[in-house]
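The structure under discussion appears below in the form of structure tokens.
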Amino acid sequence: MSISTKPASGFRDFLPNEMRQRQHVFHIIREVYKAHGFEELDTPCFERLDTLLGKYGDEGDQLMFKVLQRGRKLEKALNLDEPKDTDLADMGLRYDLTVPLARIYAQYKNELPRYFKRYQISPVWRADRPQKGRYREFYQCDVDIVGSSSMTCEAEVTSALAMVLKKLDFSGATIQVNHRMLLRAFIEAADIDVSLETDTLVAIDKLDKIGIDGVTKELLERGITQESIDKLLPMLDITVDVDDQGMPDNLAALNALGEKIGHLESGQQALKDLGELFTLGQHTAAATMLRLDPYLARGLSYYTGPIFEIRSSDFSGSLGGGGRYDGLIGMFGKESVPACGFSLGIERILVLLEERQQLQQVKPPVDVLITLWSQEALPTCLKLAQKLREDGLKVDLYPDLDKYKKQFKYADERDIPFVILLGKDEIAQDLIGIKNLKTGEQETVAYDKVVEIIKCKDK
RNA sequence: GUGGGUGUAGCUCAGUUGGUUAGAGCGCCGGUUUGUGGUACCGGAGGUCGCGGGUUCAAGACCCGUCAUCCACCCCA
């Protein structure tokens, strides 16, 4: 019986070609985050189960990969009458990067700066069923600012995000914006019971997918009365005008909303926050991308203030999401600390870049291949390789005395632009043969010239 | 968790209403006189048709089960 060599379902292997492309994209993201003053953090892939549970709603708890107890403790748990997940498992794989951040902050608060601006690019795990752009292990690229309630944080985070999107050729993407308290106000104004809040939000969030009739139907199915629906839906029906320069008039849309729910206390805070955010946002990279979207709701239960989601016309789901979560850090037992952040759905962005074939132009992995023409030339080849490497070049050395055909073909396969030839003639003259595989040009030159040729091509 | 599609060579797939030794393209390996690759020509290797059972004189084709995979829903990045 042979063992399957495929990775486990929903998991992927990244071969060097793919790694090059992924690293290229990660690099762009890192540079933008760093430019905004964020520093990198890493946390363990395992967290204690009680750190994770209860932060993402019931669905989240279901989709969490849990780690089985080991040894005695496992035996003991198995002997229980009806062992539960929490008896059998004591740890879980992290489900996102925000909860670990909250834990870190609660733990190290006194050692961290007054405002903790961190980014993290790491895998997370969800026991979901795989689909297009959905995996069980996937990378998230998070930026968060902990320690301030100012809407400047929202403005900074969305600015960083907008800059990444532009650099990755997603200029057409939008950052949809809503506010948790605004949603709460809608629910109140429509006389919907608070217990049905989540059901209501899940239904209205689907507007762009199933349309107004679909939403109505789903709201009814979820137990919302027709009377409430008739109050609710007209309130949400707000469009954001965009001018010739692509600048959206979010403030006008916000004012229109204010007329409808401005009298409610819950709505007032939301209106104030969003008013500030949209005003500040006009001066950042996100100016053209921000869009007020009263229908936007986000599943993760820890959000308390503004919420965001990236939409792009060529993908039906979201390319990332975030928001303010002022209550999460307080859940770790100490004082409550305001925070806001964003998670970029890098896997989906990569899927789209791949579809658009925008991932081809990544630089070759190696600058030059030194071919091997005779056993006697080997010491000279090794010496040359060493020298070139010290001069900052990426150099590969062909290890076997194969036919030239094979050696050239190998260079071709790896997209190596130059090969060096050290045959009898070259060694006798103390010169180096260098061939450009794209143009077919070949020269026999001195060492310095070789470096010059390769570095020149590099540009 | 729910529903649907697909499993034939390394990859993408063809394979007529069941009927002899299962095909193509690409890729791979070798060769076209041993100091030159990506083009061309010639040759070659490679498949218990996902797995198990059933129907039949006969199954890659039909039926049942199972596994894998993809897509959609749920939910989400």
Side-chain angles (χ1 to χ4, degrees), chain A residues 1-2 4-12 56-64 94-98 121-142 161 173 198-199 201-203 205-206 209-210 214 218 221-222 296-301 308-312 315-322 341-352 369 371-374 377 398 401-428 433-444:
Chain A
M1 196 181 76
S2 71
S4 170
T5 50
K6 282 185 216 147
S9 173
F11 292 75
R12 293 160 296 164
Y56 310 100
D58 292 346
E59 190 91 17
D61 289 353
Q62 284 296 317
L63 294 178
M64 203 165 290
R94 66 172 167 237
Y95 185 86
D96 72 357
L97 303 178
T98 307
I121 301 181
S122 303
V124 302
W125 294 267
R126 296 185 190 176
D128 231 329
R129 195 177 280 203
Q131 227 183 94
K132 182 180 176 184
R134 171 187 283 182
Y135 308 97
R136 305 223 268 200
E137 175 182 60
F138 60 99
Y139 277 73
Q140 287 194 331
C141 306
D142 279 33
L161 204 69
T198 309
D199 283 294
L201 299 185
V202 165
D205 187 45
K206 293 181 189 168
K209 224 171 192 175
I210 58 179
E218 181 146 348
E221 280 168 11
R222 288 175 182 265
L296 173 65
R298 294 198 36 83
L300 296 186
S301 48
F308 315 114
E309 194 159 288
I310 307 175
R311 299 269 171 79
S312 172
F315 192 83
S316 73
S318 95
L319 297 181
F342 202 101
S343 177
L344 201 57
I346 190 64
E347 306 296 351
R348 289 174 177 183
I349 286 171
L350 281 160
V351 165
L352 292 177
L369 172 74
T371 51
L372 186 60
W373 295 64
S374 69
Y398 199 89
L401 265 176
D402 275 330
K403 298 197 169 155
Y404 327 110
K405 182 170 178 162
K406 274 198 165 182
Q407 303 199 33
F408 278 80
K409 204 171 174 186
Y410 171 76
D412 251 357
E413 279 169 1
R414 291 196 64 195
D415 285 325
I416 301 174
F418 292 97
V419 290
I420 278 176
L421 308 90
L422 286 175
K424 282 187 196 107
D425 299 349
E426 285 83 1
I427 291 177
I434 177 160
K435 178 164 178 164
N436 181 326
L437 285 182
K438 281 234 171 63
T439 63
E441 277 173 74
Q442 186 172 338
E443 299 175 69
T444 304

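Values below: all heavy atoms of this structure, side chains included; hydrogens, waters and symmetry mates excluded. Residue numbers begin at 1 in each chain, while the letters A, B, ... track the order of the sequences.
- A search for side-chain contact (heavy atoms from CB on, under 4.5 Å) contacts involving A:A203 returns A:E218, A:L219, A:R222, not counting sequence neighbours.
- Rounded to whole Å, the distance from CD on A:Q442 to C1' on B:G38 is 15 Å.
- To the nearest 0.5 Å, the span separating CD1 on A:I210 from CG on A:D205 amounts to 9.5 Å.
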request  = Using a 4.0 Å heavy-atom cut-off, write out nucleotides 29-34 of chain B from 5' to 3' as B (base contacted by protein), S (sugar-phosphate only) or - (no contact).
outcome  = SSSB-S
Please enumerate all protein N or O atoms sitting under 3.5 Å from an N or O of nucleotides 44-50 of chain B, with distances to 0.1 Å.
none

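- Look at CD on A:Q131: it is 12 Å from C1' on B:U2, rounded to the nearest Å.
- Here B:C74 presents its P atom at 17 Å from CZ of A:R126, a figure rounded to the nearest Å.
- Residues passing the salt bridge (Lys or Arg N to Asp or Glu O under 4.0 Å) test with A:K409: none are found, sequence neighbours excluded.
- Note: CD (A:E309) to P (B:C76) measures 9 Å, nearest angstrom.
- Nearest-nucleotide mapping onto RNA chain B: of A:E347 and A:T439, the residue sitting toward the 5' end is A:T439.
- A ring pair (Phe, Tyr, Trp, His ring centres under 6.0 Å) with A:Y95 holds for exactly one of A:Y56, A:F138, A:W125; it is A:Y56.
- Among residues two or more places apart in sequence or in another chain, the side-chain contact (heavy atoms from CB on, under 4.5 Å) test is passed with A:R414 by A:P365, A:V366, A:D396, A:Y410, A:I416.
- Remark: A:L421 pairs with A:T371, A:W373, A:F408, A:V419, A:K435, A:Q442 by the side-chain contact (heavy atoms from CB on, under 4.5 Å) rule, at least two apart or across chains.
- Residue ring and base: A:F138 counts as stacked with B:A77 (centre distance below 5.5 Å, interplanar angle below 30°).
- For A:R134, the salt bridge (Lys or Arg N to Asp or Glu O under 4.0 Å) partners two or more places apart in sequence, or in a different chain, are A:D128.
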query = So what is the 5' to 3' dot-bracket string for RNA chain B, if pairs are Watson-Crick or G-U wobble with both distances under 3.5 Å, crossing pairs use [ ] and | means the partner sits on another strand?
reply = (((((((..((((.....[...)))).(((((.......))))).....(((((..]....))))))))))))....
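- Only the C1' atoms considered, B:A58 is 37 Å distant from B:G3, to the nearest whole Å.
- Among the atoms of the strands shown, none is found under 4.0 Å from any heavy atom of A:I310.
- Every side-chain hydrogen bond (donor to acceptor under 3.5 Å, both in side chains) that A:D402 has, sequence neighbours left out, goes to A:Y398.
- For A:E426, there are no salt bridge (Lys or Arg N to Asp or Glu O under 4.0 Å) partners, not counting sequence neighbours.
- The CZ-P distance, from A:R12 to B:A77, rounds to 16 Å in whole Å.
- As rounded to whole Å, 13 Å separates atom P of B:C73 from atom CG of A:D205.
- Mapping A:P7 and A:E59 onto RNA chain B by nearest heavy atom places A:P7 closer to the 5' end of the strand.
- To the nearest 0.5 Å, atoms OG1 (A:T198) and CG (A:L201) are separated by 6.5 Å.
- Taking 4.0 angstrom as the limit, A:Q140 places none of its side-chain polar atoms (N or O) nearer than this to OP1 or OP2 of B:A77.
- When rounded to the nearest whole Å, the span between CG of A:D412 and P of B:G27 equals 13 Å.
- Every residue meeting the side-chain contact (heavy atoms from CB on, under 4.5 Å) condition with A:S318, not counting sequence neighbours, appears here in chain and number order: A:E309.
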ask   = Which letters describe nucleotides 4-13 of chain B, given B = protein heavy atom under 4.0 Å from base, S = only from sugar-phosphate, - = neither?
value = ----------
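- The distance between atom CG of A:L372 and atom P of B:U36, rounded to the nearest whole Å, is 17 Å.
- One finds no side-chain N or O of A:S318 lying less than 4.0 angstrom from the OP1 or OP2 phosphate oxygen of B:C76.
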